[in-house]
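Single-structure report; data block below.
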Amino acid sequence: MASRPKLSGLQKQVLGLYRGFLRAARSKGPEERQRIESIVSAEFHQNSKNIDRKNFLQIEYLLRRGKKQLDQLKSPDTVGLSSFTFSQQ
């Protein structure tokens with residue numbers, strides 16, 4: 001089996017946050033779970049395409065924001081997740 005390159009601490013944090021969102025989605029209803037998983041997947045995919053890997057300040061900011069959102073999602077009072085996009089003109 002080929003050896004994988006070692007992940008940096010920041011990469012591990014991002015993957016851990018992603019897995020945390022997927023785990024939190026499991027605690028919601030089936031329809032909401034699917035919606036949460038698609039929003040999270042799209043957001044992470046978009047950020048991986050649009051943010052330079054060496055832009056540590058922006059990555060750390062997004063990690064902090066994501067952790068706050070994850071904490072809110074884990075709350076039993078929270079029933080779902082929503083997102084919005086800005087069009088750049």
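Note that the numbering runs from 1 along the sequence shown for the chain.
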Discussion item. Looking at Leu73, is its backbone amide N or carbonyl O close enough to the side chain of Lys28 to form a donor-acceptor pair, meaning the two atoms are under 3.5 Å apart?
Written reply: yes
Discussion item. As an exercise, state the distance from CZ of Phe44 to CG of Leu15, rounded to the nearest 0.5 Å.
Written reply: 8.5 Å
Discussion item. Check Arg35 with Glu31, please: is the shortest side-chain N to carboxylate O separation under 4.0 Å?
Written reply: no
Practice prompt. Indicate yes or no for a side-chain donor-acceptor contact from Gln11 to the backbone of Ser8 under 3.5 Å, with no hydrogens or angles considered.
Written response: yes
Response to the item:
d(Leu10 CG, Arg53 CZ) to nearest 0.5 Å is 11.5 Å
Item to complete: Kindly check if the number of other-residue, nucleotide or ligand heavy atoms within 6.0 Å of CD (Gln34) is above 12?
Response: no
Worksheet, complete the sentence: dist Ile36:CD1 -> Leu22:CG (nearest 0.5 Å) comes out at 10.0 Å
Item to complete: Please report the closest heavy-atom contact between Ala24 and Leu70, naming both atoms and the distance.
Response: CB-CD1, 3.8 Å
Worksheet item: Could you state the interatomic distance from OG (Ser48) to CD (Glu43), rounded to the nearest 0.5 Å?
Response: 10.5 Å
Worksheet item: Quick one: NZ on Lys74 to CZ on Phe21, what's the gap to the nearest 0.5 Å?
Response: 9.5 Å
Discussion item. Within this structure, what is the CG-NZ distance for the pair Leu63 and Lys68, rounded to the nearest 0.5 Å?
Written reply: 12.5 Å
Worksheet entry | Validation row: Ile51, Leu62 side chains within 4.5 angstrom (heavy atoms) | yes
